[in-house]
2 protein chains.
Amino acid sequence: MARTDARFRSAFNELLDTLAELPVAAALPSEVQLSQRLKVSRTVVRAALKALDGAGIIHLDGREKMMLRHPLAEDRLTLREDYISRDALEARFLDWVLRFDVPAETPLNVAQLAKQFNVPPHLLQEFLASLGQFGLVERRPRGGWRLLGFTADYAVELSDFRSVLEVNAVRAVVCQPDDHPVWPALAAIRRDHLSLLDRIDRDFHDFSPLDGQFHSIINSVVNNRFVTEFQKVISLIFHYHYQWDKTMERHRNEAAIKEHLRIIDALCARDGATAEAAALSHLATSKETLLSSMRGHHLA
Amino acid sequence: MARTDARFRSAFNELLDTLAELPVAAALPSEVQLSQRLKVSRTVVRAALKALDGAGIIHLDGREKMMLRHPLAEDRLTLREDYISRDALEARFLDWVLRFDVPAETPLNVAQLAKQFNVPPHLLQEFLASLGQFGLVERRPRGGWRLLGFTADYAVELSDFRSVLEVNAVRAVVCQPDDHPVWPALAAIRRDHLSLLDRIDRDFHDFSPLDGQFHSIINSVVNNRFVTEFQKVISLIFHYHYQWDKTMERHRNEAAIKEHLRIIDALCARDGATAEAAALSHLATSKETLLSSMRGHHLA
DNA sequence: CCCGTGGTTTTTATCATTAAAGACACTAGA
DNA sequence: TCTAGTGTCTTTAATGATAAAAACCACGGG
């Protein structure tokens, strides 16, 4: 058939709600006003009005729209909000690839995956195309897709790339003037780090969001859409992996906090060389953690 | 309807060509052999054989496939190779955006563009999705696409990103051992640069491919799929812009050759600091050229 | 003259259809 | 019995048709 009428249905039901508040025989607002209120196109409003007219709830006659009776519960149209958002799809897909350790070179079945993820097939198609740039999937010569897989090679190259970007960011930070917002932000996150370090035995789980914030502050001074875009993917993948590798989590996180503090202190002292070195060493640790987490996962 | 039978048609015609070399009453090879030779599935081969049987060119009977008569010119099926490849689409699209200076925020009409570029709409859709990651286009809230445009901001950020990657590459080059293939490659391209410098007055147009080679050699030591991917886009965009900015081309190219030589010499001397500085300065020139080319283009 | 309305056109999202690919099982001949 | 080849069937993705949604336009009443 064609596109779903979900938009029409929800607009129709919302319209019923508005009608319920009007007295019988009242005149309805204009089509444009209704479309603005319901945040849909006039086409949808007109279709809904026609349906209401057909159901005998209102009477349509040119620009005269008169309320005939109050709507009942059974007038409502059923609607099922099946489909998930693009971000949710991204999360689900990565979850699927990383958690179930889908082997490299797996051919992807668009129709089946679309069903599994509750999205229309062509949205999945589009999503795969956008992933293609990150080298996670590949178009097969004659139709279809192939998962290139989250291999060790991939992880190494991703980490290396991350290092390049992040060291660059660290270098940029020390060049910022004293009134740049990055300085108070760093001071604030430094306090958060110290606070978490105090209660690390109990709250070591709280490190993951803090880690995300820290790296995002560092990268925020680099005002570059390409960096930002990549940072999104990088943090997503690192975040996902950390979630599952529970070995030595307390110890690991404590060490990472201390590494972060070394970087922060060097940055606040405007000591570029030391900050860079500290960042490099932190990123190297991070890479090792990612790789060992993958090895552990493979053995499991 | 359904997918086109272009595959069947071209296989059929190829099969006619093979038959032309066989004598009448000869037995044909097996389906598997034919499918391997024509590089199509057995399904297509069988369909083609059936069609040949129907046309009275061969006689099919179980595994007996006998040649009845030689094929004629009118036996061939017509086929129109309309569609262009993915790379060609990329080139055409960039060409369209950059050359005609399509303004930012332009809503893109998928159906119309697909016609214009001679591709099926869903391929264009897929292509746009893959471009999305590079921040050139964006999905509109309720369907459709919007061109974000190749603005000055975009060019600046692209150039900056390029600098980050390329300086990183330069740093990597000086760390390579003496037997790494990058050294002979650099020596060779150094000779090419000197040779072009000698005949710059006449052959200054030959610089563009040389420039591409040079940057690709530098980046080849960084074995990273993300870098490679980005490098592709970067070189594409720079290449396109250089093509049109004809002002001072001879002078510009001569200067660029000398900058390249400074980088190469520093690299060959394993002088990382000098090489890095030379690269930075070259990239800054490059960025300026790109920006001024855009300004000139805007005024035109 | 301007806003609101109805009609019309354009454009996108979805679905049914069908070609292509491949899997499986069967058959003939060595 | 084994192998090469064929017949049949299932699965899958590309494509055209089509309905929903949005945009456009001209008209008419205040």
Side-chain angles (χ1 to χ4, degrees), chain A residues 1-12 27-36 38-51 60-65 82-83 107-115 119-126 128 139-146, chain B residues 1-12 27-36 38-51 60-65 82-83 107-115 119-126 128 139-146:
Chain A
M1 263 214 299
R3 62 169 29 180
T4 63
D5 57 354
R7 207 164 174 69
F8 164 77
R9 285 165 178 272
S10 71
F12 182 89
L28 274 65
S30 80
E31 294 179 357
V32 179
Q33 284 175 317
L34 285 174
S35 75
Q36 280 166 354
L38 302 179
K39 299 203 199 321
V40 293
S41 74
R42 257 189 63 227
T43 312
V44 181
V45 171
R46 286 163 59 78
L49 287 175
K50 210 167 193 173
L60 265 188
D61 179 30
R63 64 187 54 189
E64 306 292 322
K65 294 182 286 291
D82 277 349
Y83 291 154
L108 298 177
N109 180 330
V110 174
Q112 183 196 313
L113 280 180
K115 216 176 285 174
V119 288
H122 78 277
L123 257 183
L124 186 72
Q125 193 99 357
E126 205 177 295
L128 290 177
R139 207 125 178 47
R140 273 187 303 175
R142 282 202 292 287
W145 299 85
R146 189 203 331 272
Chain B
M1 263 212 304
R3 60 170 24 180
T4 63
D5 57 354
R7 207 163 174 68
F8 163 77
R9 283 165 180 272
S10 71
F12 182 89
L28 275 65
S30 78
E31 293 178 359
V32 179
Q33 285 174 318
L34 286 174
S35 76
Q36 280 164 357
L38 302 179
K39 299 206 199 320
V40 292
S41 72
R42 254 188 66 220
T43 310
V44 178
V45 170
R46 286 167 61 77
L49 288 176
K50 210 166 193 176
L60 266 188
D61 179 31
R63 62 188 54 188
E64 307 292 320
K65 293 182 286 289
D82 278 348
Y83 291 152
L108 298 177
N109 182 329
V110 174
Q112 184 195 312
L113 281 181
K115 218 176 284 174
V119 288
H122 78 275
L123 257 184
L124 185 72
Q125 193 96 359
E126 202 177 297
L128 289 177
R139 209 121 176 50
R140 274 186 304 174
R142 280 204 293 287
W145 298 84
R146 187 203 332 270

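This one's a predicted model, so the numbers in the text were calculated from it and none came from an experiment. To find a chain, count down the sequence lines: A is the first, B the second, and so on, and within it residues start at 1.
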Does the side chain of A/W145 come within less than 4.5 Å of A/R140's, by heavy atoms? no
Has A/Q33 got a side-chain atom pairing as donor or acceptor with A/S30's backbone, closer than 3.5 angstrom? yes
Just the rounded figure in Å: distance from P of D/dA13 to CD of B/E126. 12 Å
Got a donor-acceptor contact below 3.5 angstrom from the B/R139 side chain to the B/G144 backbone? yes
Would you kindly compare B/P120 and B/D61 by the position of their nearest DNA chain D nucleotide and give the one closer to the 5′ end? B/D61
Does the side chain of B/L128 reach to within under 4.5 Å of the side chain of B/L113, using non-hydrogen atoms? no
Whole-Å distance between C/dA21 C1' and B/E31 CD? 14 Å
So does A/R42 reach the base of C/dG4 with its side chain, donor to acceptor, closer than 3.5 Å? no
Rounded distance in Å - CD (A/Q125) to P (C/dA13): 14 Å
Distance, rounded to the nearest Å, where B/F8 contributes CZ and C/dA21 contributes P: 13 Å
Could you check if a side-chain atom of B/L38 sits within less than 4.5 angstrom of a side-chain atom of B/V44, using non-hydrogen atoms only? no
Here the distance between atom P of C/dA19 and atom CZ of B/R46, to the nearest Å, is 15 Å
In this structure, how many angstroms lie between the C1' atom of D/dT15 and the CG atom of B/L124, rounded? 15 Å
Beyond-backbone contact of A/L124 with A/L108, side-chain heavy atoms, under 4.5 angstrom: no
Produce the list of close N/O pairs, under 3.5 Å, pairing protein atoms with atoms of nucleotides 25-30 of chain C; give distances to one decimal.
none

Given that B/P29 and B/P121 both sit by DNA chain D, which one's nearest nucleotide is further toward the 5' end? B/P29
Less than 4.0 angstrom between a side-chain N/O of B/S41 and OP1 or OP2 of C/dA20, yes or no? no
Grab the CG-P distance between A/L34 and D/dA22 for me, whole Å please. 15 Å
Output a table of nitrogen or oxygen pairs between the protein and nucleotides 9-12 of chain D separated by less than 3.5 Å.
residue, atom, partner, partner atom, Å
D/dT12, OP1, A/N109, ND2, 2.6
D/dT12, OP2, A/N109, ND2, 3.2
D/dT12, O5', A/N109, ND2, 3.1

Roughly, in whole Å, what's the span from NE2 in B/H122 to C1' in C/dT11? 18 Å
